[in-house]
Enquirer: 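Before I ask anything, let me first share the structure, which is written out below as structure tokens.
Counting starts at 1 for both ligands and their atoms, in listed order.
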Amino acid sequence: MKNYKIAVIPGDGIGIEVMNEGIKVLNTLGELNKDIGFTFDWYDWGCEYYLTTGKMMDEDGLEKLKKYDAILLGAVGFPGVPDHISLRDLLLKIRQGFNQYINLRPIKLLTDTDCPLKNKGVEDIDMVFVRENTEGEYAGVGGIQREGTEDEVAIQTSVFTRKNTEKVMEYAFKLAKERNKFNKVTSVTKSNALNYSMVFWDRLFKEKAEEHKEIKTESFHVDATSMYMIQRPETFDVVVASNLFGDILTDLGATLQGGLGFAAGANINPEREYPSMFEPVHGSAPEIAGKGLANPIAMIWTVKMMLDFLEHEDLGEKIMDGIVEVLKDRKKLTPDLGGSGTTSQVGELICEVIKK
Ligand code: NAI
Ligand code: MG
């Protein structure tokens with residue numbers, strides 16, 4: 001029997017509520033399959049931890065996490081702790097510390113009912129974002145000088161290395177081949193204004209395209225991309241983007257799927273030198289936290305991505321079938337989807353369908 005050791009960081013707000021449902025699904029799969037099991041170690045890192053200890057995670061947090069097969073994370077951030085501290089001192093520390101340089105975010109509409117666009121449906125919205133995840137605009141290079149004075153200066157520098165940019169693009173091209181949808185990669189850029197970083201990005205993308213002649217390519221500026229994603233989402237297959245552009249466009253993508261309650265994500269270290277971390281795209285949604293209103297589907301879909309990464313695609317498929325059935329039924333859904341069900345009711349229903 002294969003037993004997977006999973007580090008669980010529920011984080012803050014609805015992160016905690018949706019995590020419980022993700023774990024329920026994994027336990028259900030563990031019970032159904034005698035040859036696979038999961039052991040969970042819970043870490044209470046996050047904003048509350050910060051308010052009592054002054055730290056978002058333990059000093060030796062990365063050392064502790066190193067030994068796991070994967071990390072599951074809910075969401076971090078809560079009023080009372082500045083967002084740049086909660087994000088940088090936990091999430092980005094893990095993403096960068098474990099060289100999880102790929103952020104994979106599928107944008108797939110599951111039912112026509114949840115489609116926000118007129119005259120579009122499930123066959124039109126199915127793309128995957130490959131977002132650069134360890135450097136770019138989020139590299140954390142910069143500073144503030146003469147703080148609080150009239151002459152205050154803020155500088156934030158983007159960092160794009162050839163090595164990493166090439167690896168991210170290579171991943172995107174391989175994924176397009178694997179998906180075999182249109183065999184196409186769209187590159188998101190802004191090289192008219194960002195005359196160093198994005199001109200460099202474009203040049204490396206062209207070089208990569210030369211190595212993968214069987215894959216079609218296109219390149220759009222980020223502003224045009226946001227328009228095309230709404231106007232003609234059916235033309236997208238794999239999209240490769242920098243850290244900031246990918247972050248912004250995937251919230252737009254989440255809306256195309258029916259909302260943030262659907263958006264799953266994975267922070268991947270493809271070489272498997274370090275554990276990868278799986279977390280939904282949404283945040284801790286403080287205004288609905290603790291009320292059982294959060295949609296757990298994004299988290300459960302995220303669990304599916306973890307199982308895919310652990311090479312249990314069959315189990316991942318079971319989860320997806322469960323989600324789709326519960327969605328089509330529309331008997332129990334959370335309020336963001338027009339239902340009156342609670343977070344845990346939806347999670348339980350998905351488990352029931354999986355058991356069938
Ligand atoms: P958010 O994603 O928490 O919420 C945006 C909107 O979507 C809110 O109206 C919220 O109610 C709704 N929403 C999000 N997830 C939902 C779900 N599963 N079901 C139903 N509705 C859902 O983003 P926001 O408001 O910008 O940030 C709130 C906090 O979360 C901040 O502290 C922020 O820094 C943090 N954050 C953390 C992220 C992470 O841990 N990966 C990502 C984004 C934000
Ligand atoms: Mg985001």
Enquirer: Just to be sure I'm reading this right: ignoring hydrogens, which of Ile85, Leu91, Asp251, Asp83 gets closest to atom 31 (C) of ligand 1? Compare them by their nearest heavy atoms.
Expert: Asp83

Enquirer: Between the side chains of Asn164 and Thr161, is a donor N or O closer than 3.5 angstrom to an acceptor N or O?
Expert: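 There is no such pair (donor and acceptor under 3.5 Å, judged by atom type) between the side chains of Asn164 and Thr161.
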
Enquirer: Could you tell me which atoms of ligand 1, counted from 1 in the order shown, lie closer than 4.0 angstrom to a heavy atom of Ala75?
Expert: 40 (O)

Enquirer: Can you list the atoms of ligand 1 that are under 4.0 Å from a heavy atom of Ala294?
Expert: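 Going through ligand 1 atom by atom, the ones under 4.0 Å from Ala294 are 19 (N).
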
Enquirer: Can you find a non-hydrogen atom of Ile14 under 4.0 Å from ligand 1?
Expert: yes

Enquirer: Would you call the rings of Phe98 and Tyr274 parallel, tilted or perpendicular, taking 30° and 60° as the class edges?
Expert: parallel

Enquirer: Check each atom of ligand 1 against the heavy atoms of Ala285 and keep those under 4.0 Å away; list them by number with element.
Expert: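 Reading through ligand 1 atom by atom, the close ones are 3 (O), 10 (C), 11 (O).
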
Enquirer: Looking at Phe205 versus Phe173, is the centre-to-centre ring distance below 6.0 Å?
Expert: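 Between Phe173 and Phe205, which both carry aromatic rings, the centre distance is below 6.0 Å.
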
Enquirer: Answer with yes or no after comparing the ring centroid distance for Tyr171 and Tyr101 against a 6.0 Å cut-off, counting only values under it.
Expert: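 No, ring centres 6.0 Å or more apart.
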
Enquirer: Considering Asp12, Leu260, Val76, Asn295 one by one, which has a heavy atom nearer to atom 6 (C) of ligand 1 than any of the others?
Expert: Leu260

Enquirer: Considering only distance and modelled atom types, tabulate donor-acceptor pairs under 3.5 Å from the side chains of residues 48-55, sequence neighbours left out.
Expert:
{"from": "Tyr49", "atom 1": "OH", "to": "Asp58", "atom 2": "OD1", "distance (Å)": "2.1"}
{"from": "Thr52", "atom 1": "OG1", "to": "Glu48", "atom 2": "O", "distance (Å)": "3.4"}
{"from": "Thr52", "atom 1": "OG1", "to": "Tyr49", "atom 2": "O", "distance (Å)": "3.1"}
{"from": "Thr53", "atom 1": "OG1", "to": "Tyr49", "atom 2": "O", "distance (Å)": "2.7"}
{"from": "Thr53", "atom 1": "OG1", "to": "Lys55", "atom 2": "N", "distance (Å)": "3.1"}
{"from": "Thr53", "atom 1": "OG1", "to": "Lys55", "atom 2": "O", "distance (Å)": "3.1"}

Enquirer: Need the ligand 1 atom indices (1-based, order shown) with element for anything under 4.0 Å from a heavy-atom of Val281.
Expert: 42 (C)

Enquirer: Does the cation-pi check pass for Arg232 over Tyr228, that is, NZ or CZ under 6.0 Å from the six-membered ring centre and within 45° of its axis?
Expert: yes

Enquirer: My understanding is that we take every heavy atom of each candidate and find the minimum distance to atom 30 (O) of ligand 1. Doing that for Pro82, Ser284, Ala298, which one comes out nearest?
Expert: Ser284

Enquirer: May I ask you to check if ligand 1 and Pro280 share an N or O to N or O distance below 3.5 Å?
Expert: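 Such a contact does not occur with ligand 1.
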
Enquirer: Number the atoms of ligand 1 from 1 as they appear, then name those within less than 4.0 Å of a heavy atom of Ile288, with their elements.
Expert: 11 (O), 20 (C), 21 (N)

Enquirer: Using a heavy-atom cut-off of under 4.0 Å, does the side chain or the backbone of Glu279 touch ligand 1, or both, or neither?
Expert: side chain

Enquirer: Please work out whether the ring planes of Phe40 and Phe38 are parallel, tilted or perpendicular, with thresholds of 30° and 60°.
Expert: parallel

Enquirer: Would you say ligand 1 has an N or O under 3.5 Å from any N or O of Gly261?
Expert: no

Enquirer: Which of the atoms in ligand 1, numbered in the order shown and given with their element, are less than 4.0 Å from a heavy-atom of Pro286?
Expert: 28 (C)

Enquirer: Does any pair with a residue in residues 311-356 pass ring pair (Phe, Tyr, Trp, His ring centres under 6.0 Å), and if so which ones, sequence neighbours excluded?
Expert: Tyr4-His312

Enquirer: How close do Asp114 and Thr111 get, counting heavy atoms only, and between which atoms?
Expert: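 What the structure gives for the nearest pair is OD2-OG1, 2.6 Å.
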
Enquirer: Just let me know how Ser86 lines up against ligand 1, side chain, backbone, both or neither, with a heavy-atom cut-off below 4.0 Å.
Expert: neither

Enquirer: What atoms of ligand 1 come within less than 4.0 Å of a heavy atom belonging to Glu287?
Expert: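 Checking each atom against Glu287, I get 8 (C), 9 (O), 10 (C), 11 (O).
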
Enquirer: With no hydrogens and no angle check, just 3.5 Å: does a side-chain donor-acceptor pair link Trp201 and Ser191?
Expert: no

Enquirer: Where's the contact between Leu87 and ligand 1, heavy-atom distance under 4.0 Å: side chain, backbone, both or neither?
Expert: neither

